[in-house]
Student: 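Take this structure, written in structure tokens, and hold onto it; I'll ask about it next.
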Amino acid sequence: MKNFLIIISFFFVNSIMYSQPVPTDWSLNGNSVSSSSFIGTINDKDLVFKRKNVTAFRVKEDNKVLIGNLSTTGSINATPGDYKLYVADGILTEKLKIALSSSDDWADYVFENNYRLRSLSELEKYIKKNKHLPGVPSAKKLEKEGIDVGKMQAKQMEKIEELTLYVISLKKEIEVLKSKLDNDEK
């Protein structure tokens with residue numbers, strides 16, 4: 001967060017030094033006289049950073065943040081739903097960390113004794129009928145609603161853990177069949 005604020009401060013100061021003059025009702029202490037030092041507004045107006053007269057960063061009155069050249073994204077002028085951040089044209093990062101609100105949000109429950117693992121024939125029927133894995137949203141739903149990365153990661157882990165249980169079960173079946181085959185050959 002500290003690096004983000006430094007970058008935004010640099011962007012703001014850089015745009016002040018090399019662009020149009022700062023309006024007289026704006027200062028580094030906000031857009032009105034105040035005793036505390038800050039960059040921002042003290043009223044219900046959006047905080048807007050521009051470069052070459054194109055909005056690059058906007059903090060809306062509801063504290064939602066929009067980043068990028070929003071004039072190229074059509075009618076996006078707010079983040080949808082309860083989301084607090086919209087970035088035009090995507091995000092490139094080397095690292096992303098998703099916080100879990102509870103360990104219940106992770107798939108360790110698959111290894112509990114009372115977890116009901118579908119039989120492979122039940123799974124096959126489900127896939128033939130629905131064209132996707134149980135508990136995994138369909139492509140149409142994802143296209144309409146988007147992907148919650150944290151939930152999808154947990155769901156993928158659930159499926160990996162289920163696959164692990166299937167492999168263990170199949171290995172046991174193979175060992176039984178090998179043992180029977182060895183006994184028949186004797």
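Remember, predicted model here, so these are calculated numbers, not experimental data.
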Student: Would Met157 and Tyr115 show up in the same hydrophobic cluster when neighbours are defined by side-chain heavy atoms closer than 4.5 Å?
Tutor: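 Different clusters: Met157 never reaches Tyr115 through Ile, Leu, Val, Met, Phe, Trp or Tyr contacts under 4.5 Å.
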Student: What's the shortest heavy-atom distance between Gly68 and Ala88, and which atoms?
Tutor: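 Closest heavy-atom pair between Gly68 and Ala88: CA-CB, 4.2 Å.
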Student: Testing Lys159, Glu162, Gln156 one by one against Leu133 for a side chain to side chain contact (heavy atoms under 4.5 Å, CB included), which residue passes?
Tutor: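 Checked Lys159, Glu162, Gln156 against Leu133; only one passes side chain to side chain contact (heavy atoms under 4.5 Å, CB included): Lys159.
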Student: Is it the case that Tyr109 and Glu158 place a side-chain donor and acceptor less than 3.5 Å from each other?
Tutor: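 Yes, side-chain donor-acceptor contact under 3.5 Å.
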Student: Please examine the side chains of Arg118 and Tyr166, heavy atoms only from C-beta on, and report whether any two atoms are closer than 4.5 Å.
Tutor: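 Yes, side chains in contact.
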Student: Keeping Thr164 on the side-chain end and Ile160 on the backbone end, is there a donor-acceptor pair under 3.5 Å?
Tutor: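 Between the backbone of Ile160 and the side chain of Thr164 there is a qualifying donor-acceptor contact (under 3.5 Å).
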Student: Same cluster or not: Leu47 versus Leu85, using hydrophobic residues (I, L, V, M, F, W, Y) connected whenever any side-chain heavy atoms lie under 4.5 Å apart?
Tutor: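 Yes, because Leu47 and Leu85 connect within a single hydrophobic cluster, where side-chain heavy atoms sit under 4.5 Å apart.
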Student: Would a single hydrophobic cluster contain both Ile127 and Val136, if residues Ile, Leu, Val, Met, Phe, Trp and Tyr are joined by side-chain heavy-atom contacts under 4.5 Å?
Tutor: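 Yes, Val136 connects to Ile127 through the hydrophobic network.
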Student: Does Lys64 offer a backbone N or O that forms a donor-acceptor pair with the side chain of Asp62 under 3.5 Å?
Tutor: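 Confirmed, Asp62 side chain pairs with Lys64 backbone.
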Student: A side-chain contact here means heavy atoms from C-beta on lying under 4.5 Å apart; do Leu170 and Leu120 qualify?
Tutor: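 They are in side-chain contact.
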Student: For Glu145, does the CD atom have more than 12 heavy-atom neighbours from other residues, nucleotides or ligands under 6.0 Å away?
Tutor: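 Counting other residues, nucleotides and ligands, CD of Glu145 exceeds 12 neighbours.
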Student: Would you check if the side chain of Asn130 reaches a backbone N or O of His132 as a donor-acceptor pair within less than 3.5 Å?
Tutor: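 Absent.
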Student: What are the two closest heavy atoms between Lys60 and Asp46, and how far apart are they?
Tutor: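 Heavy-atom minimum between the residues: NZ-OD2, 3.3 Å.
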Student: Looking at Asn183, Val176, Leu181, which hits side chain to side chain contact (heavy atoms under 4.5 Å, CB included) with Ser179?
Tutor: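 Going through Asn183, Val176, Leu181 one by one, the side chain to side chain contact (heavy atoms under 4.5 Å, CB included) with Ser179 is satisfied by Asn183 alone.
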Student: Quick one: list whatever passes side chain to side chain donor-acceptor pair (under 3.5 Å) with Lys125, sequence neighbours left out.
Tutor: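 Listed in chain order: nothing, the list is empty.
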Student: Do Ile91 and Val65 belong together in a cluster built from hydrophobic side chains that touch within less than 4.5 Å?
Tutor: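 Yes, it is one cluster - the side chains of Ile91 and Val65 are joined through contacts under 4.5 Å.
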